[in-house]
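In what follows, a structure is listed as structure tokens, so that the remarks can point back to it.
When a ligand or atom number is given, it counts from 1 through the structure's own listing order.
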Amino acid sequence: MSLPLTEEQKKKIEENRQKALARRAGRLLTGQSQCTDSGSSVAANPSLCKQGFSQNFPQGPSQPESHGVTVKKQNLHTSSCDQRPHSHQFQLTTPEHAKGIWKSQGMACPNQGRPRQVTLPGLSPPLAQSPPNVANQQLFGYKISQGHLQASHQTESTSDANTPPKFLAKAKCSWETPLSSSCQLTEDQESEARTAKPSTSGQSLSNIHEGRLQEKLSTPVQKALSSQKGQCIREGDRFSVKIGYNEELLAVFKSLPSRIYDPTTKTWNFSMADYGALMRAVQRLSTVTLQPLEGVNGSSGAQAGLPSALSLAFVKGRCMLISRARFEVDISYSADLIALFKQMESQKYDVKTRKWNFLLEEHNKLIMRARSLPQVQLEPLPKTLTLAFASQLEKTSLHLTADIPEADLSGVDDKLVSNLMPFQRAGVNFAIAKRGRLLLADDMGLGKTIQAICIAAFYRKEWPLLVVVPSSVRFTWEQAFLRWLPSLRPENINVVVNGKGCLTAGLVNIVSFDLLSRLERQLKTSFKVVIIDESHFLKNSKTARCRAAVPILKVAKRVILLSGTPAMSRPAELYTQIIAVKPTFFPQFHAFGLRYCDAKRLQWGWDYSGSSNLGELKLLLEEAIMLRRLKSDVLSQLPAKQRKMVLVAPGRISAKARASLDAAAKEMTKDRTKQQQKEALILFFNRTAEAKIPCVIEYILDLLESGREKFLVFAHHKMVLDAITKELERKHVSHIRIDGSTPSADREDLCQQFQLSQGHSVAVLSITAANMGLTFSSADLVVFAELFWNPGVLIQAEDRVHRIGQTNSVGIHYLVARGTADDYLWPLIQEKIKVLGEAGLSETNFSEMTEATDYLSKDPKQQTIYDLLQKSFEEDETDMELLEAAESFDPESASGTSGYGSCDLGDAVDESGSSASPPTKRRFEFFDNWDSFTSPF
Ligand SMILES: Nc1ncnc2c1ncn2[C@@H]1O[C@H](COP(=O)(O)OP(=O)(O)OP(=O)(O)O)[C@@H](O)[C@H]1O
């Protein structure tokens, strides 16, 4: 990417060139007359003439003429192979005619066939043989086009039977004719030859010599018709060669010491030191023509008097950050710049990247000095980076570890502070050091919620607080606030459940992204403290969510963004989150796009979907915006299992489902016979399953949107399993399903399929059919869409993931829907687990590891139901009855207690897939076993 030379530079070059040409012409003519004066032909004393050349002109490689002189292609190169005519008549030989290959004179000369000579008096002999007065000779009255020599003069030729008449008539060649017709010209070439008539008059001596000089500098050797074309391309201080396969050339490549083969581009590249050698070798190859590098002197600028093209080339590049302390310069070769680099104290050359790098503290000095080099344009680091790394830029010595002070959390509830794990405490310190504006991007399950609550609580004086979350976790957030901040009363928390809600009614206001975009107009004053959970939901600036949230964030004093996956596919997704935290960073997206999104201008506009300079982006984010720890970084601080009770949104339960549930609950509290009570209980469970479906689906989709790739979803009712798989199919999410109807033989295969799958994959599993014997250790999250009254079965199901082979801490999410049977099942399960733990039969303590363990209200009606459940489960036959009854649940039936196929039967169903009723005995064996574990008393 070189810029045009300035007028002054051009003028200077032209002056130098003219002087050099004049000097050389003088020397050349002296040499020439010596040759002719001696009265011998070139052949008689070739070395003398050759020497005369070599003293003045670069040997070997063709050179581009970059001094404003038109390049005419002619091979005037002298050669040690003395096949030149021993006369003033210009003669060329045509070897290997059969292949149509035009061998250079520098090659070992062919001797196949007797060379036939065509005399062309109008053409001059080679330069070394030229008489002093050559002005009127048609030295350049032909040109090589695509390796063909084309002449436009009247040709006097000896008659040659092997020369095709057409060629003789039209081409008017002046070389020894080939023995075949391979030298025939195409129509295009003929017309090219016609238009290539030389000016035969008015050519000054200097012009002629200029032309010769150009030839000497820039002309590739005359090649045969089939010569393979290639091109040299400059790449910093190296160059690559773009050409197809050629055996001879490959041998040359392999002989060059600096050779590197790039398998990606399938090209060879070399250091500039080998350029001259390569071009000289190529000149001697008959099968290859290489277009030289623009502006580069192949003999490394060795000719006296000529300005080095390399030193004149305009180079443009930029600085890139490579670590918190160093930056590198990405720029093409410039001798002056290298000299400058070497003056820098902290200079280092990276042999791998072939780039120079320096300490940040030398950045400004380097930029200033580079500005004094007229041929160099070096772009400094962007302002955003210099601001973010200001401390490094100003440093005189290197302190790489950023000291983050311990925050004073004495104003935050002790329950929370004392429960923070060390890395969580460090996260809080980081946030406070960043004045409450950050993107907390810890891996999923590392406890971003507790950290965010702590950070927000540190700024409690600035509340009311706004918490924007995916709608499926609004109530989980409410519970987390209540759990970790006992100083907060439930009435201080306002969960906005619909479009009629008020955004500012509480001290803590929790709202979903979608409701925020509907309600933001309510805001008269801005929130000073805002938490955004799953902030990557804001990745697209055109969405209503983003349009509503970003203005709120820009004016807020504290912005706590939480995301385990801030960008799921490309850096462009980070932009809105970056400006939400630091509105002054990259105020224009385009600047961000150019640097980090590999922005490309296409026909219809700019494409920002790519990525570039990711290392630098990571450094910038980590320095100024983001804190990210992976599970593997803090594994030693994590419990093996992290259970989470997710209170799914009651608002998602339809009015019809709610009515059914209420009716079922009412039925249970009536004074009925034992059998009637059980029937009511069964109906209550079935209606719970039905009611939870929309919340479960919403939660699973939110997990997928949040970047959770692989997880297990356990459910009990066939109706729930069906609804989940149907939705995953609709969304084209890869998944497997194992339920009671899955033959044993297929289960292991499905399990393996899931274990080996890449990307998004969900295992939809029946609690009763897939809770043992299978390993799903490639996932680290288990979601229970439904609760099951036997906690032993739940723990066994959890352990499908938490087992040998699992290297991560495992997340367990229990979806609990308020106003359903879950209200009773959840405390009941915890109670049972507690009993097991006390008896030393379970290490698990749900009560300590989950939020909201005591949300069950003490309503007498509810207490009755709880008691009923507890009593029922203590009876041996209840499992059987529940399963049997649930199996026949048909949501469409009036009673809700009849019909088949709605509940998954676990291992009980006949593996042949028969829909006939499975043998009852076998069906319940499994539960009998589990009762012996879970109900020891
Ligand atoms: N210090 C802690 N003490 C007790 N429990 C904790 C602690 N930190 C996290 N947990 C528990 O770990 C579970 C996961 O935490 P949380 O949901 O905040 O993770 P996350 O990072 O937000 O995950 P995701 O990105 O999946 O939402 C929760 O049940 C939470 O209560």
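No hydrogens or angles considered: a donor-acceptor pair under 3.5 Å links the side chains of Glu798 and Tyr814. Judged purely by distance below 3.5 Å, without hydrogens or angles, the side chains of Ser766 and Thr768 pair a donor atom with an acceptor atom. In this model, a donor atom of one side chain and an acceptor atom of the other lie less than 3.5 Å apart for Glu786 and His717. With no hydrogens or angles considered, no side-chain donor-acceptor pair links Asp514 and Ser512 at under 3.5 Å. Counted by atom type alone, Lys644 and Thr476 present zero donor-acceptor pairs between their side chains at under 3.5 Å.
When each atom of ligand 1 is checked for a heavy atom of Ile450 under 4.0 Å away, the hits are 1 (N), 2 (C), 8 (N). Those atoms of ligand 1 with a heavy atom of Arg708 less than 4.0 angstrom away are 26 (O). Within the listing of ligand 1, atoms 16 (P), 17 (O), 27 (O), 28 (C), 29 (O) sit less than 4.0 angstrom from a heavy atom of Lys644. Using a 4.0 Å cut-off to heavy atoms of Thr449, the atoms of ligand 1 that qualify are 16 (P), 17 (O), 18 (O), 22 (O). Close contacts of ligand 1 with Arg643, meaning ligand atoms under 4.0 Å from a residue heavy atom, involve 29 (O). Of all the atoms in ligand 1, the ones that sit under 4.0 Å from a non-hydrogen atom of Glu534 are 27 (O). Those atoms of ligand 1 with a heavy atom of Asn419 less than 4.0 angstrom away are 1 (N), 2 (C), 3 (N).
At a threshold of 4.0 Å, the pair Asp722-Arg737 counts as salt-bridged, since one of the basic side-chain nitrogens sits closer than that to a carboxylate oxygen.
Geometrically, ligand 1 and Leu446 share a nitrogen or oxygen pair separated by less than 3.5 Å. At least one N or O atom of Lys448 sits closer than 3.5 Å to an N or O atom of ligand 1. On a distance-only criterion, Gly447 and ligand 1 share at least one N/O pair closer than 3.5 Å.
In this structure, Lys528 fails the cation-pi test against Tyr459, since its NZ or CZ atom is not both closer than 6.0 Å to the six-membered ring centre and inside 45 degrees of the ring normal. In this structure, Arg800 forms no cation-pi arrangement with Phe776, as its terminal cationic atom is not both closer than 6.0 Å to the ring centre and no more than 45° off the ring axis.
Of all the listed residues (Trp477, Trp484, Phe423), Trp484 holds the heavy atom that lies closest to atom 3 (N) of ligand 1.
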Worked check of side chain to side chain donor-acceptor pair (under 3.5 Å) between Ser563 and Glu534
CA-CA 5 Å; Ser563 172; Glu534 308 297 354; 4.8 Å; no

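Not close to ligand 1: Gln451, with no non-hydrogen atom less than 4.0 angstrom away. Residue-ligand proximity: Arg483 is placed with a non-hydrogen atom under 4.0 Å from ligand 1.
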